[in-house]
Amino acid sequence: MAEDNRQALRGFTYESEHVQPAMRAESRQAVLDHPELVLLPVGFGVVKRTGLGWTPASQLQPTPHDARRVLHDGLSGAWADLYDLGTATREAYARAAGRLEAAPHVNEMTAQGDTYRICRVERMLRTGPDGPEPPRRSDPETIEPMRIRPLLDEDGVIRPELDNPEGPQTRGRIAPS
């Protein structure tokens, strides 16, 4: 089975018009530069039905039970607080969480017209003669890289205020005078 999946995915590229042209081009190049595949452990997640299909509603979890727990926690209050949902939606989500508790192996739940499903996620790693494929230029980078070392002044002294132009960082401490 694993070998069948690997063979089927070997030539996979992004071809949909919904995918940016740069991403499509880089995925075609990856097939040439990193033709071998390593199948990674399966993960599980929560997806939500939208007008366009299904969108992720959770991070990847190691087991279906962990994904169900994420769904339960979201329905029982976390999402209501996070998204400032109204009272009717909060109550409907809480009832759905109760139904999920009563049926511990359920893989789909609907609440307030929103359908959530536990899904299986198969992952792969492309590799080639120079090793695993590195990030592509078109891969989204949503968070700026964090500084690994603190900034030093011209004398080599650590100055936390150089990281924060608005003044010294206190983070629960008393600022030095």
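Each residue takes its place number in the sequence, starting with 1.
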> Going by side-chain heavy atoms closer than 4.5 Å, which hydrophobic residues are tied to L60, directly or by a chain of links?
Replying inline: V121
>> If hydrophobic clusters are built from ILVMFWY residues whose side chains come within less than 4.5 Å, do L39 and F44 share one?
In response: no
> With sequence neighbours left out, which residue pairs that include part of residues 93-123 fulfil the ring pair (Phe, Tyr, Trp, His ring centres under 6.0 Å) condition?
Replying inline: W79-Y116
Acceptor/donor pairs from residues 126-134 side chains to any protein atom, 3.5 angstrom cut, sequence neighbours excluded:
residue	atom	partner	partner atom	Å
R126	NH1	R10	O	3.3
R126	NH1	H34	O	3.4
R126	NH2	L9	O	3.4
R126	NH2	R10	O	3.2
R126	NH2	F12	O	3.1
T127	OG1	G131	O	3.2
D130	OD1	H34	NE2	3.2
E133	OE1	R136	NH2	3.4
E133	OE2	R136	NE	2.6
E133	OE2	R136	NH2	3.1

>> What I'd like to find out is whether the side chain of D114 reaches to under 4.5 Å of the side chain of R49, using heavy atoms alone.
In response: no
> Do K48 and W54 touch side chain to side chain, with heavy atoms closer than 4.5 Å?
Replying inline: no
> Do R68 and N107 come within less than 4.5 Å of each other through their side chains, counting heavy atoms only?
Replying inline: yes
>> Suppose we screen for side chain to side chain contact (heavy atoms under 4.5 Å, CB included). Which residues come up paired with R28, at least two apart in sequence or across chains?
In response: T13, E15, R24, A25
Taking distance alone, no hydrogens or angles, what donor-acceptor pairs closer than 3.5 Å link side-chain atoms of residues 70-77 to residues at least two apart or in another chain?
residue	atom	partner	partner atom	Å
H72	NE2	E101	OE2	2.8
S76	OG	H72	O	2.9
S76	OG	D73	O	3.3

> Cut-off 3.5 Å, side chains only: do T50 and T55 have a donor facing an acceptor?
Replying inline: no
>> More than 12 heavy atoms of other residues, nucleotides or ligands under 6.0 Å from CG of L52: yes or no?
In response: no
> For Q112, what residues pass the side-chain hydrogen bond (donor to acceptor under 3.5 Å, both in side chains) criterion, not counting sequence neighbours?
Replying inline: none
>> For E108, I'd like to know if atom CD has over 12 heavy atoms of other residues, nucleotides or ligands within 6.0 Å.
In response: yes
